[in-house]
Amino acid sequence: MPASARRRAIQAIAAQGPILPAESNRGQLTDIYGCNVFNERSQRQRLPKEAFKKLRQTMQTGHSLDPSIADAVASAMRDWAVEHGATHFTHWFQPMTGQTAEKHDSFLSLTSDDHIINEFSGSALIRGEPDASSFPSGGLRSTFEARGYTQWDPTSPAFLREGPNGVTLFIPTAFCSWTGEALDKKTPLLRSEEAVNNAAVRLLNMIDGPQVDHVYSTIGLEQEYFLVDRRLADLRPDLLSCGRTLFGANPPKGQELADNYFGAINERVLGYMQDLEYELWKLGIPAKTRHNEVAPGQFELAPIFKKATVSVDQNMLIMEMMRIIADRHGMKCLMHEKPFNGVNGSGKHNNWSLSDNLGRNLLDPGITPEDSLQFLLFLTATIRAVDIHADLLRVSVASSANDHRLGANEAPPAIISIFLGSQLEGVVDSLLGRESDAGKHVGEIKLGVSAMPPLPRDITDRNRTSPFAFTGNKFEFRAVGSSQSTAYPTTVLNAIVADSLNFLSDQIEARKNGGELRDIVHGLVVETLKKHERVLFSGDNYADAWTVEAEKRGLPNLKDTASALPHFVADHNIALFESTGVFSKREAESRLNVMCENYAQQIRIEAATSTQMVSTMIMPAALRQQSLLAQAIQQSRHALPDADLGPQEDMLRKLNALVAKLSASLKSMESIVESFDDKDRAHLELVNFCRDEVIPTRALLRQHVDLLEDLIDDSFWPLPKYREMLFHR
Ligand code: ADP
Ligand code: MG
């Protein structure tokens, strides 16, 4: 029998040659870092002094850009890009698809006597006009008012992307409609930055005087991903269409031995990581940490944190480069939250904090946090914000993909709570007048080996099960999904904290005549913490007891996307959007439509892919197995009339029963896929239909297929198996 495509792929992987080193000497990290970014150095070199000063001011503080410098910036940018080989430029933006978008134009321009020149004007830098009608708007626009604009975001640096045969200048932009409504993920993020800047500066000026004039959020994103050999991935329609496997029996060995996390990195994977980091460094992305993750075939990359608006852009670029470089290495990079059942899925821890123009991290507790008014206020604001808007944080990470992780004992639960760690718990306890032994473990760690010096103990231990954990001088929002843009979670964090900072400022102002500032702040902090401490939890978030406890405390438990989405337009969240200027009511409602639509489409695609795979791949293999068995039984009966064929007949019976169940599930699934065409369903109704009918039917279908996988002759099972995708490289 000729080898199946699957077998041939495995043979090819086994026979592949050694990993080839990169062609040329790549130079030192310090020389290549940022060489493809129009960064401060290139700006200083090429811009007139005045224009340079103004641009830097806008980049650093978000002050509005003086439009008169646009021409100077455009021509400096063009010269720099052309000298680096660029022929084209593009406005680069982040529509509500969750991906980035680009349309390239060459610098080419013709003079009246048909000569070619490189042209790039200030107006081409500042504004582009893509046809907006093909991007999701959630009902903000109809096709007859299709105008959309991309607007240069000068706070995020332009960069060069090297293609296989040329170079393109990328200009980060925001994307809005003709009426000025945001059509992208960047605009709300930029608006939330303004909100948190204004609110934080206002509060800091009250307690510290006027020296602070700018505050911005910082984020550092830990990106998890899987790598699968392309030759295997290409044989799986589900990986191609859905980014995850829809079927696959659990292998005998998965992650049970805990031998993958931080394990030695496989050569082929290391070669990939090294190429990837080199490309990222050129783009000014400070890739810092790489390691094996918990599941076999799973890895992580973490860059050093930056200003949030830049980190969000850079993360989009990281995900894109991960896919491109994987292609070059004959691998497929899976960013999906749950590519494989039975082993861990992928997240993207969003480390978040606030910094000011004095270089201070506003969430740094310092040596004596209990004495720092600034720290206490920012901590209190965050606790209040998360308690009031836990539902909105939950929505900001909701997707059909992330539903497989949240609450599945490998990722934080869908209940949003805060872990503070022992030092801060001690501080909160003492503020609230409680005895506590929290924070008493600070000191040194001694291993009892005299050659090793004692280590200072960190002020907080870790709690890996918390969705929102304080980790020394920042909060780590762990519920974020690996494939999602972090624009939404960061926008929500900035907005809710801005709102609480404003609340605290209002309160301080109202109590101004009530004594010393220190006492007023102290009283306010105690009062606010008392009201919101229910959101603090330091125990095991995976335990069933926590679900019960959280319900007693009145914390929302929005188990899935369908339950979470309606909260996006709850009154208290609309009020927040409007007061912080992040969304108008109309924008928020249209975004809800887009989220519902995306969710339903993803579920529909998975459903349709499932039925196709079962009809064209699984069922034929099952029928073949059936006929093989039936034939074998018949032949045996003929050759050995007295033999006991009971066991074989049992096998056939088992197989027949399973095939019958599979046929029934397939039929239900097919009629469900057809019913998606019923366009009358309102958006939220469609989302509920997905959760209540599509997903359970698909789960049942999968159950039958996975049982079949273990009954059918390995040589003609058409889909690469889990053990092959997770372990062959
Ligand atoms: P972990 O131990 O949680 O895996 P890592 O070292 O992998 O931590 O990642 C921590 C991330 O937090 C890094 O991206 C780091 O740059 C980021 N980070 C550190 N300080 C801040 C800060 N002040 N604001 C935002 N992110 C920060
Ligand atoms: Mg990490």
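Every number for a ligand or one of its atoms is a count from 1 in the order of the listing. Nothing fancy with the numbering, it's 1 onward along the sequence. The structure displayed is predicted, hence computed values, not measured ones.
Classification of D259 and K253 as a salt-bridged pair holds, one side-chain N sitting under 4.0 Å from a carboxylate O. In this structure, D313 pairs ionically with K186, as a charged nitrogen and a carboxylate oxygen lie closer than 4.0 Å.
Contacts between E476 and ligand 1, counted as non-hydrogen atom pairs separated by less than 4.0 Å, involve the side chain only. Residue S355 does not touch ligand 1, judged by heavy-atom distances below 4.0 Å.
Stacking of K185 on the aromatic ring of Y488 is recorded, both the 6.0 Å distance cut-off and the 45° axial limit being met.
No side-chain donor-acceptor contact under 3.5 Å links D356 and H214. Checked by atom type, the side-chain pair S466/N541 shows no donor-acceptor distance below 3.5 Å.
Aromatic rings of F577 and F568 (six-membered ring for Trp) have centroids within the 6.0 Å cut-off, being under it.
Judged by the shortest distance from any of its heavy atoms, K474 lies inside the 4.0 Å radius around the atoms of ligand 1.
Within ligand 1, the atoms closer than 4.0 Å to a non-hydrogen atom of N361 are 23 (N), numbered from 1 in the order shown. Each of the following atoms of ligand 1 lies closer than 4.0 Å to a heavy atom of G220: 14 (O), 25 (C), 26 (N). Listed by number with element, the atoms of ligand 1 under 4.0 Å from a non-hydrogen atom of I304 are 16 (O).
In terms of N/O distances under 3.5 Å, ligand 1 is approached by T218. On a distance-only criterion, P303 and ligand 1 share at least one N/O pair closer than 3.5 Å.
With distances taken over non-hydrogen atoms, the option nearest atom 22 (C) of ligand 1 out of F475, F305, W352 is F305.
Residue pairs meeting the salt bridge (Lys or Arg N to Asp or Glu O under 4.0 Å) criterion with at least one partner in residues 485-501, sequence neighbours excluded, are R384-D499.
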